[in-house]
Undergrad: 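Here it is: the structure, laid out below.
As the structure is a computational prediction, the values presented were derived from the model and not from experiment.
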Amino acid sequence: LPVVDLGNDVEQCGGSVTLDAGNAGSTFAWSDGTTTTQTLVASSTDTYSVTVTDANSCSATDEVDVTINALPVVDLGNDVEQCGGSVTLDAGNAGSTFAWSDGTTTTQTLVASSTDTYSVTVTDANSCSATDEVDVTINALPVVDLGNDVEQCGGSVTLDAGNAGSTFAWSDGTTTTQTLTVTSSNSYAVTVTGSNSCTASDDVDVTINPNPSVTLSLPQDSVCSGSGTITLSGGAPSGGTFSGTNVIGSSFNPSTNGTFTIAYAVSDNNGCKDTAYADITVYVCVGINELTAGSVELFPIPASNFVTLRTSGINCKMQVEIYDITGKKVDQFTDVNVASGYTRTISLSTYAAGSYIVNITTENGTVRYNLIVQ
């Protein structure tokens, strides 16, 4: 009889098994009827047998059990590219064992939070294994920090979104540049899109409190030296403070000659402050006063272009006569109903340089000044 030996029973993971009946030149009858050749490729689980008939018409049979266990189906999906965050990879095949390429876990799922190629080998209960891999790209988000909330008095605030070369969308829609200069109170936000199309946002509250509007109009801009302390006023809004040389509290002491700048500062409830300024000039006023009441001032002395005449505590007619050094009258004028605080500017454009006598006569007496024209 022909010797027929299909070998031991076979169990394997996937693939196929080639069964060989030997006995070349004989005829072969396989149990599945797929072929009459010496060999049979078995790709599914079954019991396979063959009958071999040799040239003597003698026959012999053998059979074998073939078990083809299916491989686990492992599919990690398509490659992934995203902005920030993480990707959960699922190897499926619950109840199997899992070997991930990064060695961080042996569970069915893996949380990938960095750019890499990840692979997994799955081994099922039949000890059959299969592998799949996937490329994961996690693009970094731009870091956007507009800083802390801002509160200030007046002016402007420049907000910088950083990330030069990116594209910028500001909430107020005024610009698409990296920086935004704001001059009003509001909440401002920006969305930054990097070259990898990843975006990030930040916002900031900006409060710009207006400075108070401060003005200063002093009641007089000149005074004779040594004429006594002047009470300062004319600042708005009220409640501010005066400062400057020879200023104490709200008083100015014209103890020295020259022009002095008086400052008036006001702070509001937000702590915002503004300051206004005005000048006051202290002149040397030299004269002989024979008035019984009130005063008359003539300044500056020496003078170039003009002199100023000012009264205090006088309410009457006033006559002014000006004489040159030879005693010749060169000018005169009379003002009626002169009141306290009266001022008059006398032009010296026609006066030659030299000394002049100025007589000022009122019902209260006479004041005489030695005027020097330079």
Side-chain angles (χ1 to χ4, degrees), residues 215-236 238-264 276-324 327 329-348 351 355-374:
T215 60
L216 176 60
S217 179
L218 295 173
Q220 61 189 79
D221 58 7
S222 59
V223 64
C224 291
S225 63
S227 60
T229 299
I230 297 174
T231 298
L232 298 173
S233 62
S238 62
T241 57
F242 291 94
S243 62
T245 303
N246 295 339
V247 174
I248 300 176
S250 296
S251 298
F252 172 72
N253 184 5
S255 59
T256 55
N257 304 330
T259 299
F260 301 88
T261 298
I262 308 298
Y264 180 72
Y277 302 90
D279 290 338
I280 186 169
T281 302
V282 179
Y283 294 105
V284 176
C285 302
V286 180
I288 301 173
N289 192 347
E290 299 177 358
L291 296 178
T292 59
S295 65
V296 178
E297 299 174 330
L298 185 71
F299 58 90
I301 300 175
S304 296
N305 299 316
F306 64 87
V307 289
T308 298
L309 183 65
R310 182 169 60 208
T311 66
S312 176
I314 294 177
N315 293 280
C316 62
K317 182 174 72 172
M318 180 176 65
Q319 180 176 347
V320 178
E321 298 174 322
I322 303 176
Y323 299 87
D324 65 15
K329 184 185 295 185
V330 297
D331 198 2
Q332 72 174 13
F333 59 85
T334 300
D335 281 346
V336 297
N337 298 323
V338 172
S340 182
Y342 160 92
T343 61
R344 177 166 181 160
T345 299
I346 303 172
S347 174
L348 302 178
Y351 286 58
S355 295
Y356 297 83
I357 300 298
V358 180
N359 287 333
I360 304 168
T361 304
T362 72
E363 294 177 359
N364 298 333
T366 301
V367 178
R368 183 177 299 109
Y369 282 97
N370 181 18
L371 171 62
I372 300 174
V373 178
Q374 296 178 331

Undergrad: Output side-chain donor-acceptor pairs under 3.5 Å for residues 312-324, partner residues at least two apart or in another chain, one line each.
TA:
{"residue": "Gln319", "atom": "NE2", "partner": "Glu321", "partner atom": "OE2", "Å": "3.1"}
{"residue": "Glu321", "atom": "OE1", "partner": "Tyr323", "partner atom": "OH", "Å": "3.2"}
{"residue": "Glu321", "atom": "OE2", "partner": "Lys329", "partner atom": "NZ", "Å": "3.3"}
{"residue": "Asp324", "atom": "OD1", "partner": "Thr326", "partner atom": "N", "Å": "3.0"}
{"residue": "Asp324", "atom": "OD1", "partner": "Thr326", "partner atom": "OG1", "Å": "2.6"}
{"residue": "Asp324", "atom": "OD1", "partner": "Gly327", "partner atom": "N", "Å": "3.2"}
{"residue": "Asp324", "atom": "OD1", "partner": "Lys328", "partner atom": "N", "Å": "2.9"}
{"residue": "Asp324", "atom": "OD2", "partner": "Thr326", "partner atom": "OG1", "Å": "3.4"}

Undergrad: Any heavy-atom pair between the side chains of Leu348 and Leu371 that's under 4.5 Å?
TA: yes
Undergrad: Quick one: closest heavy-atom pair of Leu298 and Ile301, and the distance?
TA: O-CD1, 3.7 Å
Undergrad: Would you tabulate the side-chain donor-acceptor contacts of residues 252-263 under 3.5 Å, counting partners in other chains and residues two or more places apart, or write 'none'?
TA:
{"residue": "Thr256", "atom": "OG1", "partner": "Asn246", "partner atom": "ND2", "Å": "3.3"}
{"residue": "Asn257", "atom": "OD1", "partner": "Ser225", "partner atom": "OG", "Å": "3.3"}
{"residue": "Thr259", "atom": "OG1", "partner": "Thr281", "partner atom": "OG1", "Å": "3.1"}
{"residue": "Thr261", "atom": "OG1", "partner": "Asp279", "partner atom": "OD1", "Å": "2.8"}

Undergrad: Strictly by salt bridge (Lys or Arg N to Asp or Glu O under 4.0 Å), give each pair with a member in residues 300-316 just once, sequence neighbours left out.
TA: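 Listed once each, the pairs are Glu297-Arg310.
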Undergrad: For the side chain of Tyr264 and the backbone of Gly240, is there at least one donor-acceptor N/O pair under 3.5 Å apart?
TA: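 At least one qualifying donor-acceptor pair exists.
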Undergrad: Using a 4.5 Å cut-off on heavy atoms from C-beta on, say whether the side chain of Ile346 contacts that of Phe333.
TA: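 Phe333 vs Ile346: side chains touch.
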Undergrad: Check Leu216 against Ala276 and note the closest heavy-atom contact, atom names and distance.
TA: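 So the minimum-distance heavy-atom pair works out to N-CB, 3.7 Å.
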Undergrad: Under the side chain to side chain contact (heavy atoms under 4.5 Å, CB included) rule, collect the residues that match up with Ser355, sequence neighbours excluded.
TA: Ile325, Asn370, Ile372
Undergrad: If the condition is side chain to side chain donor-acceptor pair (under 3.5 Å), which residues does Ser347 pass it with, not counting sequence neighbours?
TA: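 Ser347: side chain to side chain donor-acceptor pair (under 3.5 Å) contacts with Ser349.
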Undergrad: Enumerate the salt bridge (Lys or Arg N to Asp or Glu O under 4.0 Å) contacts for residues 332-343, please, sequence neighbours excluded, ordered by first and then second residue.
TA: Asp335-Arg344
Undergrad: The criterion is side chain to side chain contact (heavy atoms under 4.5 Å, CB included); which residues satisfy it with Ser217, sequence neighbours excluded?
TA: none
Undergrad: Side chains of Thr308 and Thr345, heavy atoms from C-beta outward: is any pair under 4.5 Å?
TA: yes
Undergrad: Quick one: do the Asp331 and Tyr351 side chains pair a donor with an acceptor below 3.5 Å?
TA: yes
